[in-house]
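Data first, discussion second: the structure below is written as structure tokens.
Please read all numbers here as calculations on a predicted model, not as lab measurements.
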Amino acid sequence: MTAPEILASFPSPDRGVWEIGPIPIRAYALCIIAGIIVAIWWGEKRLRARGGAPGTVIDVAVWAVPFGLIGGRIYHLITDFPTYFGDGPKTPIDALKIWEGGLGIWGAIAFGAVGALIGCRRAGVPLPAFADAVAPGIVVAQAIGRLGNYFNQELYGGPTDLPWGLEIYRRVNESGGVDPLNGVAIGSPIEVVHPTFLYELLWNLGVAALVVWADRRFRLGHGRAFALYVAGYTAGRFWIELMRTDFANTILGVRVNVFTSALLFVGAIAYFVIARNRGEREDLAALRADQVTLTPVDQAEPDDSPDDSEDDDGEDDGGEGESTTDKELDGAGKRDDD
């Protein structure tokens with residue numbers, strides 16, 4: 001094989017699931033979990049650097065992550081409705097099999113924001129400030145998630161002869177039936193296509209770098225870093241979506257996500273510009289201090305303990321051998337009223 005032939009394409013994984021006894025280990029699920037962990041870890045570091053309390057991102061994620069997964073699945077089912085509830089290859093029961101792939105980012109963001117709002121209110125953190133902190137981590141999590149599409153052999157584009165073309169194989173299960181998700185690759189590649197999952201992965205990493213740079217350079221606040229993430233991501237998703245050849249609902253022959261990306265891009269840019277008038281970045285440390293309730297000194301309860309003139313053994317400076325009653329009478333004029 002010559003050098004040009006070696007560089008002509010790269011292969012897909014031979015499978016996307018491994019069996020450990022009765023338990024299937026799915027690459028897609030592992031990538032999603034890894035992405036969530038990275039997003040939480042990085043978001044926690046960024047929020048603490050902005051004055052947030054330790055553990056806040058984890059507390060909010062308890063709400064945001066489940067909401068996001070449910071929303072992502074719902075959006076996927078809506079945009080791919082015929083696949084599960086029409087003449088498509090899947091059944092309504094398959095709609096519940098989230099571990100096999102199929103999450104729509106816009107549903108995940110929308111529902112995740114609802115969960116994050118609940119968590120932020122419980123934690124006493126403004127949602128826009130929280131969103132700014134987690135924005136780079138979210139887009140990196142999306143990049144990691146795209147590796148799951150690589151293992152699933154999905155979300156690719158049309159045929160290509162470019163040197164980074166992706167080889168697609170026929171996968172079959174143990175019974176010999178075609179099974180792209182659960183099967184094992186056999187034979188030679190059946191086609192070489194644009195790896196649009198890889199295009200989006202690299203684009204997402206670039207967006208993360210852009211958000212981090214702009215946030216440091218301009219001290220973005222009030223949700224502007226998050227708006228920049230949305231604008232950057234949708235700019236890439238727009239042209240990548242046009243390259244994909246997998247099934248999707250369309251409007252006037254154009255994939256729904258193309259319209260969604262365009263609308264969200266415009267909205268994100270508008271918010272980025274308008275929110276500039278909201279002033280400096282939120283000071284989360286000052287906000288935390290304001291939320292702490294301190295008891296004023298002048299409202300402290302009176303001290304009923306004996307005054308400092310008396311020793312621990314019940315004797316005062318007046319001398320030894322006096323009775324307690326005598327001391328109290330002698331010292332009555334010396335004590336302040338409680």
Side-chain angles (χ1 to χ4, degrees), residues 1 5-6 8-35 69 72-105 107 144-201 240-250 253 255-257:
M1 181 177 291
E5 291 175 329
I6 294 175
S9 59
F10 68 97
S12 298
D14 69 335
R15 70 193 71 193
V17 58
W18 298 267
E19 302 286 343
I20 299 181
I23 303 175
I25 306 299
R26 299 183 180 276
Y28 182 87
L30 294 178
C31 290
I32 295 297
I33 293 172
L69 291 175
R73 189 59 172 179
I74 291 175
Y75 185 88
H76 169 72
L77 296 177
I78 291 174
T79 54
D80 283 20
F81 189 86
T83 301
Y84 298 88
F85 305 99
D87 298 329
K90 297 186 177 183
T91 67
I93 296 299
D94 292 326
L96 302 176
K97 299 178 180 178
I98 190 173
W99 55 87
E100 292 187 352
L103 293 173
I105 182 60
I144 296 173
R146 284 305 179 211
L147 289 174
N149 302 132
Y150 172 53
F151 280 93
N152 277 359
Q153 237 183 202
E154 61 185 359
L155 307 191
Y156 48 79
T160 182
D161 56 2
L162 293 171
W164 54 80
L166 174 67
E167 297 175 359
I168 299 298
Y169 292 83
R170 182 170 175 265
R171 289 178 175 177
V172 298
N173 54 32
E174 294 180 353
S175 61
V178 176
D179 193 342
L181 289 179
N182 302 302
V184 178
I186 60 172
S188 301
I190 56 177
E191 59 181 334
V192 178
V193 298
H194 279 284
T196 51
F197 79 89
L198 179 60
Y199 299 162
E200 186 172 327
L201 185 158
I240 293 171
E241 190 74 20
L242 290 172
M243 297 182 66
R244 284 170 48 173
T245 57
D246 54 300
F247 173 80
N249 286 335
T250 62
R255 297 167 71 95
V256 170
N257 278 327

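Ser12 and Glu167 share no donor-acceptor pair across their side chains, judged by distance under 3.5 Å alone. For the residue pair His194/Tyr156, the side-chain donor-acceptor check at 3.5 Å is not satisfied. Inspection of the Asp80 and Tyr75 side chains reveals no N or O donor paired with an N or O acceptor under 3.5 Å.
The ring pair (Phe, Tyr, Trp, His ring centres under 6.0 Å) check on Phe247 picks up nothing, with sequence neighbours excluded. In this structure Tyr150 satisfies the ring pair (Phe, Tyr, Trp, His ring centres under 6.0 Å) test together with Phe197, sequence neighbours excluded.
In terms of heavy-atom proximity, Tyr28 sits nearest to Gly102 at OH-N, 3.5 Å. Looking at every heavy atom in both residues, Pro11 comes nearest to Tyr169 through CB-OH, 3.9 Å. In this structure, His76 and Thr79 approach most closely via the heavy-atom pair O-OG1, 3.2 Å. Across Pro24 and Val17, no two heavy atoms sit closer than the pair CB-CG2, 3.8 Å. Considering every non-hydrogen atom in both Gly145 and Ile32, the closest pair reads CA-CD1, 4.3 Å. The two residues Leu77 and Ala95 make their nearest non-hydrogen contact at CD2-CB, 3.6 Å.
The shortest side-chain heavy-atom distance between Thr91 and Tyr84 does not fall under the 4.5 Å cut-off. Side-chain atoms of Asn249 and Arg255, non-hydrogen and from C-beta on, never get closer than 4.5 Å to each other. No side-chain heavy atom of Leu166 sits less than 4.5 Å from a side-chain heavy atom of Val192.
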Step by step, would you call Leu147 with Leu201 a side chain to side chain contact (heavy atoms under 4.5 Å, CB included)?
CA-CA 8 Å; Leu147 289 174; Leu201 185 158; 3.6 Å; yes
Carefully, step by step, assess Asn152 and Leu181 under the rule side chain to side chain contact (heavy atoms under 4.5 Å, CB included).
CA-CA 6 Å; Asn152 277 359; Leu181 289 179; 3.7 Å; yes
Given the rule in the side chain to side chain contact (heavy atoms under 4.5 Å, CB included) test, do Arg146 and Leu155 qualify, once you have shown the distances and angles that lead to the verdict?
CA-CA 9 Å; Arg146 284 305 179 211; Leu155 307 191; 3.2 Å; yes
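Screening residues 169-184 for salt bridge (charged side-chain N to carboxylate O under 4.0 Å, His left out) gives no qualifying pairs among residues at least two apart or on separate chains.
Between the OG atom of Ser9 and the CG atom of Asp161 there is a distance of 10.5 Å, given to the nearest 0.5 Å. Here CD1 of Ile74 is found 9.5 Å from CD1 of Ile98. Values are rounded to the nearest 0.5 Å. Between the CD1 atom of Ile78 and the CZ atom of Arg73 there is a distance of 12.0 Å, given to the nearest 0.5 Å. From Asn149, atom CG reaches atom CD of Glu200 across 8.0 Å, with rounding to the nearest 0.5 Å.
Just one residue in the list Glu19, Arg26, Arg15 forms a side-chain contact (heavy atoms from CB on, under 4.5 Å) with Asn182, and that residue is Arg26.
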